Amino acid sequence: MNYADRLNVISPESDKLAPWSREAFEQKLRDKEKYYHINHEFHVLMNSGQLGKEAIQGWVANRFYYQTAIPVKDAAIMSNCWDRDVRRGWVQRILDHDGYAGEEGGIEAWLALGEAVGLEREDLISHRLLLPGVKFAIDAYINFARTQPWEIAASSSLTELFAPTIHQKRLNNWPQHYQWIDAKGYDYFRKRLSEARRDVEHGLEITLDYYTTRPQQEFMLNVLQFKLDVLWTMLDCMWMAYVADKPPYHNVEG
């Protein structure tokens, strides 16, 4: 079963059931937090100071591909959206990452994080350290955004519901656990604290307005799970490479 089929796995009787209220539906979405990648063992080790320098650098390098993909994903969503008011609001996400006059943006801030952990900018820009599985997961997400109706692709971004917590934990824990990291590298996490909360408000409004029947609401829970799967799979790949010390093709000689 591919991911497109999985999205449509809903309870057989759902079309006969009343929709959840907005409040109940929102809570169902928030209950998905247990699958958020903050709970992955890689993240647990990282936030408790138990990863070595190579693993931290590997995480930063692999996540950079995700950072560069975010504005591409958002542009794909807007390319399918004929609602001018929605585009006016959504375009801010692209500007947040790509930057604009007087504001460098999140991608530049992530490059600064890379330098703060001892990587060269070219290490990130060239994606030299990118793991194949991480790339595959992120590319699948981009393809999803390009091929789904804009409302569905937009609501997949609602993993942002849980993002402020993960950024705050990094700000709280990393300076004490990884004193070798230059403090100027934390600007990205600080920026996203406010940006993510704003994006959540916008994305949640779209989602609660669009999914109004029980089958649609159950479908949306699957959409959110798909995005959670993407983030979790990325860390599975990093765990294998940097914790289990089994990078891709580790058993191939020559």
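Everything numeric here is computed off the predicted structure, so don't read it as measured data.
Separating the CG atom in Leu161 from the CZ atom in Arg197 is a distance of 12.5 Å, to the nearest 0.5 Å. Here the CD-CZ distance, from Gln168 to Phe189, works out to 11.5 Å after rounding to the nearest 0.5 Å. Atom CZ in Arg128 sits 8.0 Å away from atom CG in Leu119 (nearest 0.5 Å). Distance CG/Leu129 to OH/Tyr242: 6.0 Å, rounded to 0.5 Å. Rounded to the nearest 0.5 angstrom, Leu130 CG and Ile138 CD1 are separated by 6.5 Å. The CG atom of Leu51 lies 11.0 Å from the CE atom of Met238; values are rounded to the nearest 0.5 Å.
No single ILVMFWY cluster, assembled from side-chain heavy atoms under 4.5 Å apart, contains both Val72 and Tyr188. Following chains of ILVMFWY side-chain contacts shorter than 4.5 Å, one can reach Val117 starting from Leu171, so the two form part of one hydrophobic cluster. Linking ILVMFWY side-chain heavy atoms closer than 4.5 Å, directly or via other members, places Tyr210 and Phe144 in a single hydrophobic cluster. Cluster annotation: Val134 and Trp239 are assigned to the same hydrophobic cluster (Ile/Leu/Val/Met/Phe/Trp/Tyr, side-chain heavy-atom contacts under 4.5 Å, transitive). Both Ile70 and Leu193 are assigned to one and the same hydrophobic cluster, defined by single-linkage of ILVMFWY side chains at heavy-atom distances under 4.5 Å.
Applying the side chain to side chain donor-acceptor pair (under 3.5 Å) test to residues at least two apart or on different chains, none of the pairs has a partner in residues 244-254. The list of salt bridge (Lys or Arg N to Asp or Glu O under 4.0 Å) pairs with a residue in residues 27-50, not counting sequence neighbours, reads Glu26-Arg30. Screening residues 140-157 for salt bridge (Lys or Arg N to Asp or Glu O under 4.0 Å), with sequence neighbours left out, gives no hits.
Summarising the local packing, CD of Glu201 is surrounded by 12 or fewer heavy atoms from other residues, nucleotides or ligands at distances under 6.0 Å.
Between the side chain of Arg93 and the main chain of Asp199, a donor-acceptor pair closer than 3.5 Å is present. Checked by atom type and distance alone, the side chain of Asn62 pairs as donor or acceptor with a backbone atom of Gly58 at under 3.5 Å. Judged by distance alone, the side chain of Gln216 and the main-chain N or O of Thr212 form a donor-acceptor pair under 3.5 Å. Side chain of His202 to backbone of Arg198: no donor-acceptor contact under 3.5 angstrom is found. Not a single donor-acceptor pair under 3.5 Å links the side chain of Asn173 to the backbone N or O of Arg170. No donor-acceptor pair closer than 3.5 Å links the side chain of Arg214 to the backbone N or O of Leu17.
A 4.5 Å side-chain heavy-atom check between His97 and Thr68 finds every atom pair outside the cut-off. Looking at heavy atoms from C-beta onward, Phe25 lies in side-chain contact with Thr207 at the 4.5 angstrom threshold. Within the 4.5 Å cutoff, the side chain of Pro247 has no heavy atoms near those of the Met240 side chain. The shortest distance between side-chain heavy atoms of Ser157 and Glu160 falls below 4.5 Å.
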Problem set entry | Worked check of side chain to side chain contact (heavy atoms under 4.5 Å, CB included) between Phe162 and His37 | CA-CA 10 Å; Phe162 321 121; His37 62 163; over 6 Å; no

For this session: Check step by step if side chain to side chain contact (heavy atoms under 4.5 Å, CB included) holds for Phe226 and Asn222.
Result: CA-CA 6 Å; Phe226 163 72; Asn222 292 339; over 6 Å; no

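When every heavy atom of Gln179 is checked against every heavy atom of Pro175, the shortest pair comes out as CG-O, 3.3 Å. Heavy atoms only, all atoms of each residue included: Ala145 and Asn80 are closest at O-ND2, 3.7 Å. Minimum interatomic distance between Leu221 and Leu29 (heavy atoms only, all atoms of both residues): CD2-CD2, 3.7 Å. Here the shortest heavy-atom pairing between Leu124 and Gly114 reads CD2-CA, 4.2 Å. Here the closest non-hydrogen pair linking Val44 and Asn39 is CG2-O, 4.0 Å. Here the closest non-hydrogen pair linking Thr159 and Tyr36 is O-CE1, 3.8 Å.
Aromatic ring orientation, Tyr178 versus Trp180: perpendicular (interplanar angle above 60°, classes split at 30° and 60°). Ring geometry for Phe64 versus His127: interplanar angle of 30 to 60°, hence tilted. Below 30°, between 30° and 60°, or above 60°: for Trp174 and Trp59 the angle between ring planes is above 60°, a perpendicular geometry.
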Please list every donor-acceptor pair under 3.5 Å in which a side-chain atom of residues 102-113 meets a protein atom from a residue at least two apart or in another chain.
from   : atom 1 : to     : atom 2 : distance (Å)
Glu103 : OE2    : Gly105 : N      : 3.3
Glu103 : OE2    : Lys191 : NZ     : 3.3
Glu108 : OE1    : Arg121 : NH2    : 3.3
Glu108 : OE2    : Arg121 : NH1    : 2.8
Trp110 : NE1    : Val60  : O      : 2.9

Show which side-chain atoms of residues 230-237 pair as donor or acceptor with protein atoms under 3.5 Å away, not counting sequence neighbours.
from   : atom 1 : to     : atom 2 : distance (Å)
Thr233 : OG1    : Asp229 : O      : 2.8
Asp236 : OD1    : His40  : NE2    : 2.8

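Salt bridge Arg88/Asp85: present, at least one basic N to carboxylate O contact under 4.0 Å. Contact check on Arg192 versus Asp187 returns no salt bridge, with no Lys/Arg side-chain nitrogen under 4.0 Å from an Asp/Glu carboxylate oxygen.
Checking Ser155 against Tyr211 by side-chain atom types alone, a donor-acceptor pair falls below 3.5 Å. Lys73 and Ser156 form no side-chain donor-acceptor contact under 3.5 Å, judged by distance and modelled atom types alone. Using modelled atom types and a 3.5 Å distance limit, the side chains of Asp96 and Gln92 yield a donor-acceptor pair.
Other cluster members for Ile206: Ile77, Met78, Val86, Trp90, Val91, Ile94, Trp150, joined by side-chain heavy-atom distances under 4.5 Å among Ile, Leu, Val, Met, Phe, Trp and Tyr.
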